[in-house]
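Each remark here refers to the structure printed beneath this line.
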Amino acid sequence: MESPHGAAVSAEDFGLEGPRGRVFQNVTFSAEPGELVAIEGPSGSGRTCLLLALTGRMRTTEGHAETGGLRLPKQAAAVRRIAALGPVPGVSELDPAFTVAEHLGERALLQGRYGSPLRALLRPRAERRAAAEARVDEALEAAGLDPATLPKSGRTSVRDLERLEGLRLSVALALIGRPRLLAVDDTDLKLSDAEREQAWALLRAVADAGTTVLAVCSEAPGNTQVVRTAPATGEADAEEPATGQPSTEDPADAEPTTEEETADAFAEARRA
């Protein structure tokens, strides 16, 4: 597929303090357009919140970041227009009752109605349909998903997909909008070693085609820029500057981010 020019992403002393304490802080890194960036850390260390903040979907409280030359958090709405979410639990999940074809059809319809310029909506219906089908086919090819290979082809329910197939479908749905930035959560969750390699190969291919990719994981592969998050482990950790790969530490007096804290932050993001 013809790939868009990826969005450069950078952050300087980027941080978020929620109602229950620090979620992440002191995030500083820079990524070029079309780069694959792994946000690595244990569950509960603010990885997902950082991912959402960099895509304009969560308002931060400290420092600043830029995505595609747009400053965060001030221009978050503009960032959301160029950044697409793959699977993010609680934010952009596949509906298990939908079939693969239903998901693809719905996303193509929404893209055609709300994500296309006005002149595209004025084209004949057959031309619009052909353009939508072409977008879906391009996205499926980029995600490495062939519905014909599924048990019931496009009529296969999401609940019947393997974890890696579900990831590929989520990525395909995101790519239908031809974003400049793709964000994926829990990249390596519940995958075997072989499946994990395939998942990273997929995201590397998307990045190589021109789309910048941010991917949350527990363990990043080699040859990937890594932004690390970690729960506080002691006073020295909070005071010492980060070295080596870009990283973020919670303050010493804050507990590691819990699921409740993340939910609070999601609620705050929706109000912002």
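A donor-acceptor pair under 3.5 Å is formed between the side chain of Ser92 and the backbone N or O of Gly86. Panel note: side chain Thr211, backbone Ala207; no donor-acceptor pair is recorded below 3.5 Å. Not one N or O on the side chain of Arg47 forms a donor-acceptor pair closer than 3.5 Å with the backbone of Ser45. Panel note: side chain Gln225, backbone Ser30; a donor-acceptor pair is recorded below 3.5 Å. Judged by distance alone, with hydrogens and angles left aside, the side-chain atoms of Arg228 form no donor-acceptor pair with the main-chain N or O of Glu40 at under 3.5 Å. Under a 3.5 Å cut-off, the side chain of Thr55 and the backbone N or O of Leu51 do form a donor-acceptor pair. Distance alone, capped at 3.5 Å, places no donor-acceptor pair between the Thr224 side chain and the Ala220 backbone. Thr67 places a side-chain N or O within donor-acceptor distance of the main-chain N or O of Leu54, the cut-off being under 3.5 Å. Of the possible donor and acceptor atoms, one in the side chain of Arg168 sits under 3.5 Å from a partner among the backbone N and O of Ala143. The closest donor-acceptor contact from the side chain of Thr212 to the backbone of Ala7 lies under 3.5 Å.
Leu202 is not connected to Leu161 by any chain of hydrophobic side-chain contacts under 4.5 Å among Ile, Leu, Val, Met, Phe, Trp and Tyr, and they are in different clusters. Transitive grouping of hydrophobic side chains (ILVMFWY, heavy atoms separated by less than 4.5 Å) keeps Leu169 and Trp200 in distinct clusters. No continuous path of ILVMFWY side-chain contacts below 4.5 Å connects Val88 to Val158, so the two sit in separate hydrophobic clusters. Transitive grouping of hydrophobic side chains (ILVMFWY, heavy atoms separated by less than 4.5 Å) keeps Leu167 and Leu145 in distinct clusters. Under a hydrophobic clustering in which Ile, Leu, Val, Met, Phe, Trp and Tyr are joined whenever their side-chain heavy atoms come within less than 4.5 Å, directly or via other members, Val27 and Leu181 fall into the same cluster.
Residues passing the side chain to side chain contact (heavy atoms under 4.5 Å, CB included) test with Asp137, sequence neighbours excluded: none. Residues forming a side chain to side chain contact (heavy atoms under 4.5 Å, CB included) with Glu195 (at least two apart in sequence, or on another chain): Leu164, Leu191, Ser192. Under the rule for a side-chain hydrogen bond (donor to acceptor under 3.5 Å, both in side chains), Arg155 has no partner lying at least two apart in sequence or in another chain. In this structure Glu17 satisfies the side-chain hydrogen bond (donor to acceptor under 3.5 Å, both in side chains) test with no other residue, sequence neighbours excluded. For Arg196, the salt bridge (charged side-chain N to carboxylate O under 4.0 Å, His left out) criterion is met by Asp193, not counting sequence neighbours. By the side-chain hydrogen bond (donor to acceptor under 3.5 Å, both in side chains) test, Glu106 is found to be paired with no residue, residues two or more places apart in sequence or in another chain being considered. Judged as a salt bridge (charged side-chain N to carboxylate O under 4.0 Å, His left out), and not counting sequence neighbours, Asp188 has no contacts.
Side-chain contact check for Leu52 versus Leu85: some heavy-atom pair is nearer than 4.5 Å. Using a 4.5 Å heavy-atom threshold, the side chains of Cys217 and Ile39 count as separate. Proximity of Cys49 to Phe24: side-chain heavy atoms (C-beta onward) are separated by under 4.5 Å at one or more points. Within the 4.5 Å cutoff, side-chain heavy atoms of Glu35 are placed close to those of Glu32. Residues Pro87 and Val184 meet the side-chain proximity criterion, which asks for heavy atoms closer than 4.5 Å.
Across every non-hydrogen atom of Ala142 and Val206, the tightest pair is O-CG2, 4.2 Å. The shortest non-hydrogen separation linking Leu182 to Ala174 is CD1-CB, 3.5 Å. For the residue pair Thr60 and Gly15, the shortest heavy atom distance occurs at CB-O, 3.2 Å.
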Indicate every side-chain donor-acceptor pair of residues 70-84 with a distance under 3.5 Å to a residue at least two apart or in another chain.
{"unit_1": "Arg71", "atom_1": "NH2", "unit_2": "His64", "atom_2": "ND1", "d": "3.2"}
{"unit_1": "Gln75", "atom_1": "OE1", "unit_2": "Arg71", "atom_2": "N", "d": "2.8"}
{"unit_1": "Arg80", "atom_1": "NH1", "unit_2": "Gly56", "atom_2": "O", "d": "2.8"}

Let me have the donor-acceptor pairs involving side chains of residues 96-104, under 3.5 Å, with sequence neighbours excluded, atom names and distances please.
{"unit_1": "Thr99", "atom_1": "OG1", "unit_2": "Glu102", "atom_2": "N", "d": "3.0"}
{"unit_1": "Thr99", "atom_1": "OG1", "unit_2": "Glu102", "atom_2": "OE1", "d": "3.4"}
{"unit_1": "Glu102", "atom_1": "OE1", "unit_2": "Thr99", "atom_2": "N", "d": "2.8"}
{"unit_1": "His103", "atom_1": "NE2", "unit_2": "Asp95", "atom_2": "N", "d": "3.0"}
{"unit_1": "His103", "atom_1": "NE2", "unit_2": "Asp95", "atom_2": "O", "d": "3.4"}

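Taken to the nearest 0.5 Å, the CG atom of Leu16 stands 11.5 Å off from the CZ atom of Arg59. In this structure, the separation between CG on Asp186 and OG on Ser43 is 7.5 Å, given to the nearest 0.5 Å. Interatomic distance, Leu36 CG to Leu214 CG, rounded to the nearest 0.5 Å: 8.5 Å. A distance of 10.5 Å separates CD in Gln25 from OG1 in Thr28, rounded to the nearest 0.5 Å.
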Please test Val9 against Val37 for side-chain contact (heavy atoms from CB on, under 4.5 Å), starting from the C-alpha separation and ending with a verdict. CA-CA 10 Å; Val9 183; Val37 179; over 6 Å; no

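Listed by first then second residue, pairs satisfying salt bridge (charged side-chain N to carboxylate O under 4.0 Å, His left out) with a partner in residues 156-166 number zero, not counting sequence neighbours.
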